[in-house]
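Atoms within each ligand, like the ligands themselves, are counted from 1 in listed order. In this text, all values refer to a predicted model and were calculated from it rather than measured experimentally.
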Amino acid sequence: MHQDIENTKAASRTTGVDSEKVRADFPILNRVINGHRLVYLDNAASSQKPTAVIDALTRYYTHTNANIHRGLHTLAEEATAAYERTREHTARFIGGVKQSEVIFTNGATEAINLVAATWGEDNVGEGDEILITEMEHHANLVPWVLLAQRKKAILRRIPLTSDGYLNLPEVSRLITDRTRLVAFTHMSNVLGTINPVKQLTEQAHLAGAAVLVDGAQAVPHLPVNVVDDGVDFYAFSSHKMLGPTGVGVLYGREELLEKMRPYNTGGEMIREVRFDGVTFNDLPHKFEAGTPNIAGVVAFDAALTYLENLGMESVRQHEIELTGYALNRLTEIPGLEVQGPVDPLGRGGVISFTDPKIHPHDISTLLDSRGIAIRAGHHCAQPLMKVMGKVATARASLYVYNGRDDIDALIEALMETRRYFGI
Ligand code: 7TS
């Protein structure tokens, strides 16, 4: 028995993170789903929350709740200080940017839409070009498709190689003197591919184009330094990195943000309002109209602290090891096709796969009957599915509380699924 416990522990530990220990901080992972221990492998959609984050939300509503930036009473001042502390923490977390460069939104999607509706509206004109990639999530695709339509601009895309990387030699041909923006994902939510942000940014800047990076899948899993990478805009979501839903971040270089028109208008984003005109507030408040998700932002601070305590280098190391283990074990299943790079160093722990004989939705449903949560579908990346020649994939995505035992449970259940279908 003792030996068994020791084996389980060893099975969940990598040199990066002791996932067994981490698991104890996530109460939801004690749930039993359909008679089985919950094995949560849908982290690319949304991560689970540690007690520290859940407690921070409760504490905020129990002790502090008030509106921010306007009250002169104690609660309002405490709430404002807590909200602004998270801004300061976020600024440090992504490489030490200015607090004025961190704008809270309701998610990565809104952060990207903000840039399209403000910077995009004023800087992209007829005949200009926007360069994206074939591996974009709809959040970093639809705003540019629509902007291009509105402006009669041209949307170009960086193609993929057969092994799931961006075809980088093509980039120098695709960036032209008409390119106004290069917008790409830091990590693919389907293939797991990690893109070379610094290299692409340098190429874009040489041609005078701005750069927006969709970091929704990267910030939760890798050390990210937007200053070092030199990007102009960087978007991500709290809920994929242990924090609450309804909170996102847009980092923007101050010089650009200063020149941009506001996105939403109303309270908080103004300095002076007259019946015949308006002057806008300073950054970052110019972009935060109305009452934001104060509780969510305040509790996001606890998520940042949790990840910092683990160490983002360790989080990355854990996922390299666990992804390598998962990719290896998936080869045991006959006929299974795994998408994306085979080298764990070139990718994150988002693993899409298809079985030629079983629909991804059936795989997902049967895995759920064994307590295993994955996602099946097009993962909000329909153009990528077309490039891949698939209608849908099954996708297991890893995080800090996943261990080898979770991968073993996945493999065993996939074997069982094949037996169920008589394959
Ligand atoms: N960008 C990428 C790369 C994403 O993976 C997602 C969400 C978003 C943007 C949008 O983030 P949101 O927080 O604004 O919704 N991705 C997924 C997914 O892969 N499965 O569910 C949501």
Nearest non-hydrogen protein atom, [atom]:
| atom | result |
| --- | --- |
| atom 20 (N) of ligand 1 | R375 NH1, 2.5 Å |
| atom 19 (O) of ligand 1 | R395 NH1, 2.6 Å |
| atom 3 (C) of ligand 1 | D214 OD2, 3.4 Å |
| atom 4 (C) of ligand 1 | H137 CD2, 3.4 Å |
| atom 5 (O) of ligand 1 | Q217 NE2, 2.7 Å |

*Does ligand 1 have any atom sitting under 4.0 Å from a heavy atom of G248?*
no
Charged N-O contact under 4.0 Å between [X] and [Y]:
| X | Y | value |
| --- | --- | --- |
| D232 | R253 | yes |
| K357 | D362 | no |
| E202 | K198 | no |
| R370 | E416 | yes |

*Less than 6.0 Å separating the ring centroids of H221 and Y399?*
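Yes, they do, as the ring centres are separated by less than 6.0 Å.
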_Centroid-centroid under 6.0 Å between F104 and Y83 rings_ =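 Judged by ring-centre distance (under 6.0 Å), F104 and Y83 do meet the cut-off.
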Where ligand 1 meets [X] - atom numbers and elements under 4.0 angstrom, heavy-atom basis:
| X | answer |
| --- | --- |
| A44 | 16 (N), 17 (C), 18 (C), 19 (O) |
| N189 | 5 (O), 18 (C), 19 (O) |
| T185 | 3 (C) |
| A108 | 11 (O), 14 (O) |
| T109 | 10 (C), 11 (O), 12 (P), 14 (O), 15 (O) |
| K240 | 6 (C), 7 (C), 11 (O), 16 (N), 17 (C), 22 (C) |

*Between R173 and E170, is a salt bridge (charged side-chain N to carboxylate O under 4.0 Å, His left out) present by the stated rule, with each step listed?*
CA-CA 5 Å; R173 189 179 62 78; E170 283 288 298; 2.4 Å; yes
*Once the angle between the rings of H138 and H378 is folded into 0 to 90°, is it parallel (under 30°), tilted (30 to 60°) or perpendicular (over 60°)?*
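Judged by the thresholds at 30° and 60°, the geometry between H138 and H378 is tilted.
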*ligand 1 versus A45: contacting region, heavy-atom distance under 4.0 Å*: both
*Would you mind telling me if ligand 1 is within reach of the side chain of H239, the backbone, both or neither, using heavy atoms under 4.0 Å?*
side chain
_For R31, I'd like to know if atom CZ has over 12 heavy atoms of other residues, nucleotides or ligands within 6.0 Å._
no
*Please say which of R156, K152, R180 ends up in a salt bridge (Lys or Arg N to Asp or Glu O under 4.0 Å) with D128.*
R180
*Can you find an N or O of S237 that's nearer than 3.5 Å to an N or O of ligand 1?*
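Looking only at distances, the answer is yes, because the N/O contact criterion of under 3.5 Å is met.
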